[in-house]
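Below is one structure, written out as structure tokens, with a few remarks after it.
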Amino acid sequence: MKRSSRFNLLETVPVRSAHIVTEWEGECAVLAYPRFKRAWVRRFFLPKGMSPFIRVRLEEHGTAVWNLIDGRRTAGEIVSLLSSHFEGEPGYASRVTAYLMQLQKDGFIRLLASPV
């Protein structure tokens with residue numbers, strides 16, 4: 001019998017990827033990650049004067065979510081903590097979970113099964 005690979009996203013624990021560096025522009029977080037994983041590739045293919053990092057600036061809500069990702073809180077706890085930040089906005093829970101899935105897809109975080 002085939003085992004289902006379904007899981008409850010709200011029970012997972014988001015963990016920041018080790019290669020991501022958080023910088024700040026005012027109140028917003030900027031996520032920086034290397035253009036190339038290997039130093040030798042960077043040395044040969046990175047044009048002079050170009051930053052070795054790609055930077056992604058998060059908006060206000062994205063920064064709020066990023067600040068709560070600490071490797072201990074579950075996605076459900078993050079959603080609960082953000083309820084005041086989103087001020088009763090309808091569908092904010094699905095917005096946060098979709099954002100977490102996008103962060104995982106782009107390699108900024110990993111979603112781990114919550115310890116039982």
Side-chain angles (χ1 to χ4, degrees):
M1 180 180 230
K2 203 174 199 182
R3 188 173 176 182
S4 175
S5 62
R6 289 185 166 205
F7 63 95
N8 184 348
L9 178 64
L10 295 176
E11 294 175 359
T12 62
V13 177
V15 178
R16 294 179 184 184
S17 295
H19 66 279
I20 303 298
V21 177
T22 304
E23 301 171 350
W24 295 94
E25 282 183 6
E27 303 255 332
C28 293
V30 177
L31 308 183
Y33 60 97
R35 286 185 191 275
F36 302 105
K37 292 180 182 179
R38 308 223 188 281
W40 70 268
V41 174
R42 189 174 31 236
R43 188 173 61 224
F44 289 110
F45 294 108
L46 185 67
K48 291 209 183 284
M50 182 180 273
S51 172
F53 292 95
I54 295 173
R55 290 177 170 73
V56 177
R57 186 175 189 274
L58 303 180
E59 43 82 39
E60 177 187 354
H61 293 305
T63 298
V65 172
W66 184 255
N67 284 334
L68 292 174
I69 296 173
D70 63 1
R72 293 182 300 238
R73 291 184 182 105
T74 65
E77 291 169 337
I78 291 172
V79 167
S80 295
L81 290 169
L82 288 173
S83 63
S84 64
H85 182 78
F86 282 90
E87 299 172 359
E89 182 179 314
Y92 84 92
S94 62
R95 181 176 171 182
V96 172
T97 55
Y99 185 69
L100 289 172
M101 291 299 293
Q102 187 63 46
L103 286 174
Q104 179 191 28
K105 179 182 170 200
D106 293 338
F108 293 109
I109 65 170
R110 292 176 293 127
L111 295 173
L112 304 177
S114 177
V116 180

Show the numbers, then the answer: is there a side chain to side chain contact (heavy atoms under 4.5 Å, CB included) between Arg55 and Phe53?
CA-CA 6 Å; Arg55 290 177 170 73; Phe53 292 95; 3.7 Å; yes

Working note: Glu11 + Thr74, criterion side chain to side chain contact (heavy atoms under 4.5 Å, CB included); need CA distance, chi angles, decisive distance, verdict.
CA-CA 6 Å; Glu11 294 175 359; Thr74 65; 5.8 Å; no

Can you check side chain to side chain contact (heavy atoms under 4.5 Å, CB included) on Leu31 and Val21, steps first, answer last?
CA-CA 6 Å; Leu31 308 183; Val21 177; over 6 Å; no

Assess whether side chain to side chain contact (heavy atoms under 4.5 Å, CB included) is satisfied between Val13 and Arg73, documenting all intermediate values.
CA-CA 6 Å; Val13 177; Arg73 291 184 182 105; over 6 Å; no

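Taking every heavy atom of both residues into account, Ala75 and Leu100 meet most closely at CB-CD1, 3.7 Å.
Hydrophobic clustering, with ILVMFWY side chains joined whenever heavy atoms are under 4.5 angstrom apart, keeps Val56 apart from Val30.
Between the side chain of Thr12 and the backbone N or O of Leu112, no donor-acceptor pair lies under 3.5 Å. In this structure, the side chain of Ser17 does not engage the main chain of His19 through any donor-acceptor pair within 3.5 Å. Of the possible donor and acceptor atoms, one in the side chain of Glu59 sits under 3.5 Å from a partner among the backbone N and O of Gly62. At least one donor-acceptor pair under 3.5 Å links the side chain of Arg16 to the backbone N or O of Trp66.
From Leu58, atom CG reaches atom CZ of Phe108 across 7.5 Å, with rounding to the nearest 0.5 Å. The CD atom of Glu23 sits 12.5 Å away from the CZ atom of Arg57 when rounded to the nearest 0.5 Å. A distance of 13.5 Å separates CG in Leu103 from CZ in Arg110, rounded to the nearest 0.5 Å. Here the CG atom belonging to Leu10 is positioned 6.5 Å from the OG1 atom belonging to Thr97, to the nearest 0.5 angstrom. Here the straight-line distance linking atom CG of Leu111 with atom NZ of Lys105 works out to 14.0 Å at 0.5 Å rounding. If you take NE2 on His61 and SG on Cys28, they are separated by 11.0 Å, rounding to the nearest 0.5 Å.
Annotation: side chain of Ile109 is not in contact with side chain of Val15 (no heavy-atom distance under 4.5 Å).
Using bins of under 30°, 30° to 60° and over 60° for the plane-to-plane angle, the ring pair Phe36/Phe45 lands in the tilted bin.
Within 6.0 Å of CD in Glu27 there are 12 or fewer heavy atoms belonging to other residues, nucleotides or ligands.
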